[in-house]
Amino acid sequence: MKLRLTLLWAVALLVCQGAPAAIALEGRDLVLQGAKVYPSPTAEPIDNAVVLIQHGRIAAVGRRTELKVPGSAQEIDCAGKVIVAGFWNSHVHFETGWQGVAQVPAGQVEAHLQEMLTRWGFTTVWDLGSDPDNTLALRKRINSGEVPGPQILMAGDIFPQNGHPVYLPAEMQLPEAASPQQAEQMAQNYMKMGLDGMKLFTGAFMGDKPVVNMDTAIVKAAADVAHAEGKPVFAHPQNHVGVDNALAGGVDVLAHTIPNEGSFTAGELARMKQQHTALIPTLTLWTTVVSDPVIAGKLVTSGADELKAYFSQGGTILFGTDVGFQSGYDTAQEYEYMGRAMGWRDILASLTSNPSTFFKQPAKGRVERGMSADLVVLDADPASDVKNFSKVAYTIRDGEIIYSEHAKLQ
């Protein structure tokens with residue numbers, strides 16, 4: 001049976017403070033008491049802090065001894081915990097297990113969202129490929145308040161002609177563009193559907209056969225449509241040609257590294273930086289698509305080296321796991337792999353301030369007065385171990401708890 005938000009609150013409070021479960025909670029301010037707060041990836045922490053939330057916004061942040069809390073506010077004791085801004089996962093898919101979501105009971109939808117996303121702190125996600133009608137139905141249920149969940153941003157897919165990747169079912173109908181005109185029309189249709197961006201398979205993996213790459217003219221035709229609407233374009237490259245054509249066509253984000261190539265070229269890194277192209281590493285993915293652990297380990301190492309090469313040049317890094325295509329929901333390993341190339345504050349930026357800035361949502365990404373109350377309460381400090389980013393006690397979106405470790409759905 002689905003737990004409504006009021007019950008979720010009550011259970012959390014019962015565990016944290018021993019409050020009676022029948023307490024009326026709606027319309028009250030929320031106070032998170034006693035945690036260490038990292039206001040941003042670059043700011044110094046605030047110890048023994050108070051975060052006051054009113055009407056879905058952060059009303060105040062400060063030391064417990066310096067802030068006066070309204071007597072009517074509902075308090076959650078967060079002593080010993082850490083508070084950061086809500087996490088973005090900039091590469092997910094609502095595919096496997098999400099079919100027919102409009103008819104699935106709300107409790108099951110909420111449980112699936114928790115298992116896959118909100119349990120790991122994600123308050124905003126980019127869906128980079130799914131059945132648009134199905135995911136729009138999911139987004140509608142979340143936006144209406146029927147199901148607690150993250151903000152879902154959606155990208156429409158375009159594949160190159162005869163570029164049906166071997167890892168997708170042969171019977172799956174894919175939108176393949178044979179010409180710039182077809183790509184332009186497909187992109188326009190996605191924009192009319194209300195999608196938020198585009199994803200172009202600039203390289204399609206064909207198994208033992210050569211990679212099918214998307215021509216630069218096709219990339220540019222689709223990208224121009226999205227950019228005219230002020231919307232970003234992601235690329236799925238498979239090799240250097242896919243990267244080069246994506247960059248020449250003006251994409252904004254590379255949704256993967258290309259570890260099978262060993263490294264980005266110096267020219268690619270220079271152009272990525274010049275064009276302010278962002279990179280999503282998805283390092284754990286390489287352990288899920290290759291069964292040989294030795295080969296998988298080499299791919300992870302190459303991917304981490306590519307991440308380090310671009311990050312060291314000042315490139316924008318966005319966190320993403322390709323979850324929904326791969327079924328490894330636990331994010332700890334991704335943080336560990338990224339930690340080979342970046343510090344913990346830089347990983348925090350990839351989860352919070354980087355995507356908020358890159359995707360033009362300035363009210364997110366920091367724990368500061370006036371910002372949206374998208375927050376993650378962690379059980380341990382990521383400064384001591386980057387895997388602690390995966391130890392989530394509460395996920396809060398717009399001031400509402402959408403995940404609590406004390407009230408997991410069955």
- Message: Quick check: do Val61 and Glu368 have side-chain heavy atoms less than 4.5 Å from each other?
- Response: no

- Hey, does Arg340 have a side-chain heavy atom less than 4.5 Å from the side chain of Asp305? no

- Message: Under a 4.0 Å threshold between the charged nitrogen and the carboxylate oxygen, would Asp215 count as salt-bridged to Lys220?
- Response: no

- Query: Does NZ or CZ of Lys391 come closer than 6.0 Å to the centre of the six-membered ring of Trp120, within 45° of the ring's axis?
  - Reply: no

For residues 95-102, tabulate all N or O donor-acceptor pairs below 3.5 Å that involve a side-chain atom, not counting sequence neighbours.
unit_1: Glu95; atom_1: OE2; unit_2: Asp131; atom_2: N; d: 3.0
unit_1: Gln99; atom_1: OE1; unit_2: Gly97; atom_2: N; d: 3.2
unit_1: Gln99; atom_1: NE2; unit_2: Glu95; atom_2: O; d: 3.2

- Item | Min side-chain heavy-atom separation Leu279-Phe264 under 4.5 Å | yes

- Item | side chain to side chain donor-acceptor pair (under 3.5 Å) between Gln238 and His236, worked out | CA-CA 7 Å; Gln238 200 70 41; His236 173 120; 3.3 Å; yes

- Taking the side chain as every heavy atom from C-beta outward, state whether Phe311 and Asp346 have any atom pair closer than 4.5 Å. yes

- Phe159 side chain reached by Leu168 side chain, heavy atoms, under 4.5 Å: yes

- Parallel under 30°, tilted from 30 to 60°, perpendicular over 60°: which one fits the rings of His91 and His256? tilted

- So do Met214 and Asn245 actually touch side chain to side chain, heavy atoms under 4.5 Å? no

- Item | Under-4.0 Å salt bridge between Lys199 and Asp157 | no

- Task: Verify the neighbour count for atom CZ of Arg369: are there more than 12 heavy atoms of other residues, nucleotides or ligands below 6.0 Å?
- Result: no

- Query: What's the spacing between Arg366 CZ and Ser356 OG if we round to 0.5 Å?
  - Reply: 8.0 Å

- Enter the distance from Ser263:OG to His240:NE2 here, rounded to the nearest 0.5 Å. 5.5 Å

- Item | Atom pair CG (Leu52) and NZ (Lys68), whose distance is rounded to the nearest 0.5 Å | 13.0 Å

- Query: Aromatic rings Trp88 and Phe359: how do their planes relate, parallel, tilted or perpendicular, breaks at 30° and 60°?
  - Reply: parallel

- Message: Using 0.5 Å steps for rounding, measure from the CG atom of Leu128 to the OG atom of Ser90.
- Response: 8.0 Å

- With rounding to the nearest 0.5 Å, note down the distance linking CG in Asp252 to CG in Leu318. 10.5 Å

- With under 30° as parallel and over 60° as perpendicular, where do the rings of Phe325 and Tyr167 fit, or are they tilted in between? perpendicular

- Just say parallel, tilted or perpendicular for the rings of Phe87 and Phe389, cut-offs at 30° and 60°. perpendicular

- Hey, does Leu117 have a side-chain heavy atom less than 4.5 Å from the side chain of Phe94? yes

- About how many Å separate CD1 of Ile295 and OG1 of Thr287, when rounded to the nearest 0.5 Å? 13.5 Å

- Residue among Asp133, Asp196, Asp127 satisfying salt bridge (Lys or Arg N to Asp or Glu O under 4.0 Å) with Arg139: Asp196

- Query: Between Gln333 and Tyr337, does a side chain to side chain donor-acceptor pair (under 3.5 Å) hold up when you go through it step by step?
  - Reply: CA-CA 6 Å; Gln333 191 173 58; Tyr337 290 155; 3.0 Å; yes

